[in-house]
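What follows is a set of notes on a single structure, which appears directly below.
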Number of protein chains: 2
Amino acid sequence: MGSHRNSVLEGNVLVGQSGGPTCVINQSLVGVVEEALKHKHLSRVYGAIHGIQGVLKQELIDLGAESRATLRAVRATPSAALGSVRKKPEPKECEHIFRILQAHNIRYFFYIGGNDSAETAHIINSLAQASSYELRVGHIPKTIDNDLLVTDHCPGYGSAARFVALAHMGDNLDNRALRGVKINVIMGRHAGFLTAAAGLGRKDKDDGPHLIYVPEVAFSLEKFCEDVDATLKKWGRCIVAVSEGIADKDHNPIFTTGERDSHGNVQLSGTGALGDYLADIVKTRLKVARVRADTFGYLQRSFATIVSPVDAKEASEVARFGVRALARGEAESGSVAIRRLSKKGKYASEFFMTDLMNVAKKTRSLDSKFIAPAGNDITQAFKRYALPLVGNLPELGRLKGKRVPKKSVPEPQGQELPAI
Amino acid sequence: MGSHRNSVLEGNVLVGQSGGPTCVINQSLVGVVEEALKHKHLSRVYGAIHGIQGVLKQELIDLGAESRATLRAVRATPSAALGSVRKKPEPKECEHIFRILQAHNIRYFFYIGGNDSAETAHIINSLAQASSYELRVGHIPKTIDNDLLVTDHCPGYGSAARFVALAHMGDNLDNRALRGVKINVIMGRHAGFLTAAAGLGRKDKDDGPHLIYVPEVAFSLEKFCEDVDATLKKWGRCIVAVSEGIADKDHNPIFTTGERDSHGNVQLSGTGALGDYLADIVKTRLKVARVRADTFGYLQRSFATIVSPVDAKEASEVARFGVRALARGEAESGSVAIRRLSKKGKYASEFFMTDLMNVAKKTRSLDSKFIAPAGNDITQAFKRYALPLVGNLPELGRLKGKRVPKKSVPEPQGQELPAI
């Protein structure tokens, strides 16, 4: 956070969006704009097109020129309205960035993103401190992976988790209607928070997903097959929620395309290969006739209309809080974090600043108390943690199904009734 | 429809659900139950667990014993509450079915499903006519594929189409934020109605999907690559919506697992293989770095909370209409169809009965007036047809993006700025 000097620094504001988009990242963008416009010593509010890449190319727009109606519509729109980027600036690029910030008298830089974006913000902030250029740098947290340190949870997670929970509530009933094994592959490179959300909508004891595998637990194909087999014997069907990032005991991913971004992250999403591979193993080893795999893919982070109200509100408020803290000189740099407050069992939260380097690059894993001892399910503690973040889930109905007594009818001759 | 005898036939009612579930198939189920309970000569209302399979095994439940609260909750719940089945009864099984219907004094049989279910209803009805057993058989239409003949459209389609439209509205912005080629594979074995819905949410001229391929148009990999290349040159990105059922000019599917159900349909869903195959071709032939494929899979037909209000209403009303027509003796058998009415540009519809054999087994294709001449997009006529069925789509916002004039800043030495 640096020293608190209570100095008032005059100049322009620049905001960028980075990393994978979410359904509420524009809440944070509009939050930055609206809050910045309230502070007179923050003269103009610029947006960088495609994050740090737009800074390098001087592709900047004047966000103060947007109408209230546009900002209101953009706030409720999924994905990054400024465009996003997966890019870690090279040292030489950082020098160039400073020249551009200086030329436009940018004194406040807000970067909305995950831990890679916090790293970028940290690099720029360190160079600003080392040089004579006075700059305030704020990181506004955003990630569907929910894998940032310090903060209780990350804006973007609640809505993506809501999508995953809703998808499984419907898919559970689909699988109940037409039985078989269903494998759902969910985003999450290292952290299992999003995959764990698959279980949030379960109500009846036979509700799926029946098995949940997260990257935090070493994945064994043998154990997986045993688990599926046991579930089939118990319920006559099986839904598996599995993270795209599952890896074996030696940390080798079960599946990877080999593609990497400039932060060194491997590509896992955007292919159905892991799901198809697991489905094939169930078909072959367990001789199950009906096995299907769906890979939820990019819909998890961009689907319109599934936003969690708490998530939307917090995504806006973390941005406003960050702008206020830097504008008032309460901090010279930092990442905004969320602290959960319990008020008579009702969910509430407040915000605070933490050092950029506390968040940069590091990742949080799914807490061990959230993973069932058998390693193939979530716990009640996870439900208590995550349910307030996703918003109310719909109440689905189930027939009581009072059986009609069978009548005596001669069985058909010479043929066996096939299994469903 | 048979002769109109205005006869009042007393006895019990049996209803079953068949084929792939939808988000509104329970509207039809509850519609049958509530309407049947109004007619005194329809004594009891039974439900068959897993369709015709439950009849064969005498797994029947008493739907009249369900509470109003349960029925209200079930109506708003996706997937088939009775369980579903993909099964065409063998002739010997049909004989057994009759013995069971007779034993339970079933005189009204309603089967909610697509053209395969209409075929099953037709077989049972034909055998009833050939025998001395007096039975009324009604087919209640349901299919996300929208591929039934006679009817203007099918209950279940509007909600699935809404999911596909909403998914593309978000995915278009995701792809705009992080550019590349994105391929989305959509359900639809022979008919392109659901895939065509991908384009319903487009507003700005660069909005995706930029290319839409349906099974009705012969698919050529060469033409596909040319189309993607041209789109990349025009917009710097490309979203492709493609039906799982696309086939080449000799009607060979581009991809199939080889699995078939008892109606002879090949399995196409539940695997990401087609999407991965097309993504690989774009990567290799066009040398595009960022190519992703998502296969929407079963979420399209089961996702909670995306129901189209018109679809939900019509799914209930076709069922009520069918029960009324048979209960009053206005028809002895038939499939309920929807006729579209234009009232001063406002959407309205009415219902009528058509012969089971008009609907059984046959499939409707996407009308040629709905496919753009180039074979890679939809037309305005399709939008006019489909938009009233999916309900209001959200208004998404886009920044006006007034550019900040560039300042003179020396370019960094000895390095080229990388492309986004």
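Predicted model, so just to flag it, every value in this text is computed and none were measured. Below, chain A is the first sequence line, B the second, and so on; all start at residue 1. Values below: all heavy atoms of this structure, side chains included; hydrogens, waters and symmetry mates excluded.
- Using a 4.5 Å cut-off between heavy atoms, A:E95 makes no contact with chain B at all.
- Closest approach of B:D174 and A:Y298 over heavy atoms only: OD1-CD2, 3.9 Å.
- More than 12 heavy atoms of other residues, nucleotides or ligands shown are found within 6.0 angstrom of NZ on B:K406.
- With a 4.5 Å cut-off on non-hydrogen atoms, B:I183 does not touch chain A at all.
- The two atoms that bring A:R179 and B:H50 nearest to each other are NH2-NE2, 3.1 Å, heavy atoms only.
- At a 4.5 Å heavy-atom cutoff, the contact between A:P394 and chain B is made by side-chain atoms alone.
- When each of A:G47, A:A81, A:A69, A:G170 is checked for heavy-atom pairs under 4.5 Å with chain B, A:G170 comes out on top.
- The nearest pair of heavy atoms linking B:G397 to A:T77 is N-OG1, 2.6 Å.
- Remark: A:R75 CZ is packed, more than 12 non-hydrogen atoms of other residues, nucleotides or ligands lying under 6.0 Å away.
- Atom NZ of B:K407 is surrounded by 12 or fewer heavy atoms from other residues, nucleotides or ligands within 6.0 Å.
- When heavy atoms are compared at a cutoff of 4.5 Å, B:L393 does not approach chain A at all.
- Looking only at heavy-atom pairs under 4.5 Å with chain A, the residue among B:L399, B:N175, B:V409, B:L60 that has the most is B:L399.
- The residue among B:T305, B:D62, B:L299, B:I306 with the most heavy atom pairs within less than 4.5 Å of chain A is B:L299.
- Within the 4.5 Å cutoff, side-chain heavy atoms of A:L178 are placed close to those of B:P21.
- Between chain A and the residues B:K400, B:Q17, B:E66, the most heavy-atom pairs under 4.5 angstrom are made by B:E66.
- Contact count versus chain B (heavy atoms, under 4.5 Å) is highest, among A:A273, A:G19, A:G51, A:A103, for A:A103.
- Atom CG of A:D204 has more than 12 neighbouring heavy atoms from other residues, nucleotides or ligands inside a 6.0 Å radius.
- Of the listed residues (B:G275, B:C23, B:P78, B:G20), the one with the most heavy-atom contacts under 4.5 Å to chain A is B:P78.
- With respect to chain B, the highest number of heavy-atom pairs below 4.5 Å among A:H168, A:R398, A:H104, A:M169 belongs to A:H104.
- Looking at B:A65, only its side chain comes within 4.5 Å of chain A, counting heavy atoms on both sides.
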Exercise for the section: Would you please test B:I61 and A:R403 for side-chain contact (heavy atoms from CB on, under 4.5 Å) and show each step? Expected result: CA-CA 4 Å; B:I61 63 170; A:R403 289 286 168 145; 4.2 Å; yes
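- Atoms CG and CG, from A:L173 and B:N26 in turn, are 8.5 Å apart once rounded to the nearest 0.5 Å.
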